[in-house]
Amino acid sequence: MDAGCAQAQPALLDYKTEKYLLTKNRKVGVIYRFLHLAILCYIIGWVFLAKKGYQDTDSDPHFSIITKLKGVSITKNFRNSQEKIWDVADFVKPSQGENVLFLVTNFIATTGQVQRTCAENPVNSDARCSENLDCVAGEPVVNGNGIKTGKCVMFNHTQSTCEIYGWCPVENESLLRKPRLNEAENFTLFIKNVVHFSKFNFSRANTLDTSDETYFKNCRYNPVSSPYCPVFQIQEIITQAGQSFEELSVMGGVVAARIEWKCDLDRPAAECLPQYSFRLQDTKNNFRTATYYWDQERKEYRDLFKLYGFRFDISVTGEATFLCDLILLYLDKKASFYRSCKYEEVKPPKNQQTIQETRNE
């Protein structure tokens, strides 16, 4: 160590400063500059270009969804060989669709049920019997349709089951291998979606702003010719999900419909358009419902339906990006304009300023 730079113990009031040592070592210098270059490439290549670190992002938009299904179908041999017309009030559950709705494509109907005694269906193992002792009165049939009366009766010519008290006749288990509502493939699904990116106070809708009331009745979605017409044919949706409508509609299924927004707010707003995708989540879907009515003697009846069909689960994701303040305020050609808009000089009124100057004096 240089004698003129002898190390001393610092005192309480001493001032310390950094000292740099310059060395003429090429190897160390190359490694040092290489590290600088690597850091610079990482910042430019990964942070700015790949991840767009120069942009501010909002990836949690607020959204609303309104759905409507349109179509009409007819089924034969419904009750006493009568025909039945199915419209939107019959085959869509719930009637006011939001982000989840159900479209009926097939069903099992057990019509004219009334509360009385009858033989339980032998498909329920708990209902099979050979004598009355096998049917304990007052016990419900496990996964069955009613309460045991204590009697073992004939269900048909070959099988005997416990007699029950419930809605009779019991549910029919036969399902047609062809969908009863096969016209459903031509039904249309309208999906209206509005997103709002609160971070940038920016909203966008996927529908055309038009006064033509017939536009959405006649258009079909096309990403090029009609991107603002979110009307999809059911058959096209099932095809995009990778399935056949004819096969899937017999037992039903669950289809996920995804709406994805990727908006670069540095570009014109018209370029902010959603992308639609459909994916099959399950190949079976059904539930039961009933309609009730009374005869002239005020006796209650019901028609029981086991409905098969498509459940649509609609989800929305989105991301909006905007050029960050660092670029706008200092590197953009209009930086001075952006700074004048972002920063506003606040001055007190002249009378208050005069009073303050008088007090200072």
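Computed over heavy atoms, backbone and side chain alike; hydrogens, waters and symmetry mates excluded.
Between Tyr301 and Trp294 the shortest side-chain heavy-atom distance does not fall below 4.5 Å. In this structure, Cys118 and Pro169 have side chains that are not in contact, with every pair of non-hydrogen atoms separated by 4.5 Å or more. Residues Asn182 and Pro179 meet the side-chain proximity criterion, which asks for heavy atoms closer than 4.5 Å. Looking at Val316 and Asn99, their side chains never come closer than 4.5 Å, going by heavy atoms from C-beta outward. The side-chain heavy atoms of Leu189 and Val231, taken from C-beta on, include no pair separated by under 4.5 Å. Taking 4.5 Å as the limit, every side-chain heavy atom of Asn193 sits out of range of all side-chain heavy atoms of Pro274. With contacts defined as side-chain heavy-atom distances shorter than 4.5 Å, the pair Glu185/Phe187 does not qualify. With contacts defined as side-chain heavy-atom distances shorter than 4.5 Å, the pair Ile65/Thr67 qualifies.
In this structure, Tyr221 is not a member of the same hydrophobic cluster as Phe216, with clusters built from ILVMFWY side-chain heavy atoms closer than 4.5 Å. Both Leu208 and Phe190 belong to a single network of hydrophobic side chains, linked directly or stepwise wherever heavy atoms of I, L, V, M, F, W or Y lie under 4.5 Å apart. In terms of hydrophobic clustering, with Ile, Leu, Val, Met, Phe, Trp and Tyr side chains grouped at heavy-atom distances under 4.5 Å, Leu181 and Val88 are assigned to a common cluster. Val254 and Leu280 fall into different hydrophobic clusters, where Ile, Leu, Val, Met, Phe, Trp and Tyr are joined by side-chain heavy atoms under 4.5 Å apart, directly or via other members. Hydrophobic clustering (side-chain heavy atoms under 4.5 Å, transitive across Ile, Leu, Val, Met, Phe, Trp, Tyr) keeps Trp167 apart from Phe305.
Side-chain atoms of Asp87 do not come within 3.5 Å of backbone N or O of Val72 as any donor-acceptor pair. Within the 3.5 Å criterion, the main-chain N or O of Glu131 finds a donor-acceptor partner in the side chain of Asp134. For Asp126 (side chain) and Val141 (main-chain N/O), no donor-acceptor pair under 3.5 Å exists by modelled atom type. One N or O on the side chain of Arg180 and one on the backbone of Phe107 form a donor-acceptor pair closer than 3.5 Å. Proximity of a side-chain donor or acceptor of Lys199 to a complementary backbone N or O of Thr57 within less than 3.5 Å is detected. Although no hydrogens or angles enter the test, the distance criterion places a donor-acceptor pair under 3.5 Å between the side chain of Ser160 and the main chain of Cys129. No donor-acceptor pair under 3.5 Å is formed between the side chain of Gln113 and the backbone N or O of Val170. Distance alone, capped at 3.5 Å, is enough to place a donor-acceptor pair between the Arg204 side chain and the Cys272 backbone.
Between Val153 and Glu163, the shortest heavy-atom distance links the atoms CG2-CB, 4.0 Å. Residues Gly144 and Asn124 approach most closely at CA-ND2, 3.9 Å, considering heavy atoms. Here the closest heavy-atom approach between residue Gly318 and residue Pro61 is recorded as O-CD, 3.7 Å. Pairing each heavy atom of Cys135 with each of Lys148, the nearest pair is CA-CD, 4.2 Å. For the pair Phe310 and Asn285, the tightest heavy-atom approach, listed with the atom from each and the gap, is C-ND2, 4.4 Å. Smallest separation of non-hydrogen atoms from Ala119 and Met154: CB-O, 4.1 Å.
In this structure, Lys306 places its NZ atom where more than 12 heavy-atom neighbours from other residues, nucleotides or ligands lie under 6.0 Å away. No more than 12 heavy-atom neighbours from other residues, nucleotides or ligands sit within 6.0 angstrom of CZ on Phe34. No more than 12 heavy-atom neighbours from other residues, nucleotides or ligands sit within 6.0 angstrom of CD on Glu247. No more than 12 heavy atoms of other residues, nucleotides or ligands lie within 6.0 Å of CD in Glu213, so this atom counts as exposed by the packing criterion. A 6.0 Å sphere centred on CG of Asp60 holds no more than 12 heavy atoms belonging to other residues, nucleotides or ligands. Enclosure of atom CD in Glu246 is not indicated, since only 12 or fewer non-hydrogen atoms of other residues, nucleotides or ligands lie within 6.0 angstrom. Open room surrounds CG on Asn143; 12 or fewer heavy atoms of other groups in view lie less than 6.0 Å from it.
For the residue pair Tyr228 / Asp209, no side-chain donor-acceptor distance below 3.5 Å is found, with atom types taken as modelled. At a cut-off of 3.5 Å, with distance as the only test, no side-chain donor of Asn121 or Glu171 sits close to an acceptor on the other residue. Remark: the Thr158 side chain and the Asn156 side chain contain an N/O donor-acceptor pair separated by less than 3.5 Å. Judged by distance alone, the side chains of Thr317 and Trp261 never bring a donor and an acceptor atom under 3.5 Å apart. Residues Ser59 and Glu319 have side chains that never bring a donor and an acceptor to within less than 3.5 angstrom of each other.
Phe278 CZ to Arg258 CZ: the interatomic distance, rounded to the nearest 0.5 Å, is 12.5 Å. With values rounded to the nearest 0.5 angstrom, Ser249 atom OG is found 11.0 Å from Gln243 atom CD. Once rounded to the nearest 0.5 Å, the distance linking CG of Leu304 with OG1 of Thr111 reads 10.0 Å. For the atom pair CD of Gln233 and OG1 of Thr239, the computed distance is 9.0 Å after rounding to the nearest 0.5 Å. Note: Met251 CE to Lys284 NZ = 5.0 Å, rounded to the nearest 0.5 Å. Put simply, SG on Cys229 and NZ on Lys217 are 13.5 Å apart, with the number rounded to the nearest 0.5 Å.
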Next on the checklist: Test disulfide bond (SG atoms under 2.5 Å apart) on Cys162 and Cys152; report intermediate values, then the result.
Outcome noted: CA-CA 5 Å; Cys162 293; Cys152 182; 5.9 Å; no
Next on the checklist: Run the side-chain hydrogen bond (donor to acceptor under 3.5 Å, both in side chains) test on Gln235 and Asn186 for me, step by step, so that the C-alpha distance in whole Å, both residues' side-chain angles and the decisive distance to 0.1 Å come before the verdict.
Outcome noted: CA-CA 6 Å; Gln235 185 182 35; Asn186 298 317; over 6 Å; no
Item to check | Thr214 vs Asp212, side-chain hydrogen bond (donor to acceptor under 3.5 Å, both in side chains): CA-CA, chis, key distance, verdict | outcome: CA-CA 5 Å; Thr214 64; Asp212 185 0; 2.7 Å; yes
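Under a cutoff of 6.0 Å and an axis angle of 45°, Arg311 and Phe102 do not form a cation-pi pair.
Between Phe232 and Tyr276, the ring center distance clears the sub-6.0 Å criterion.
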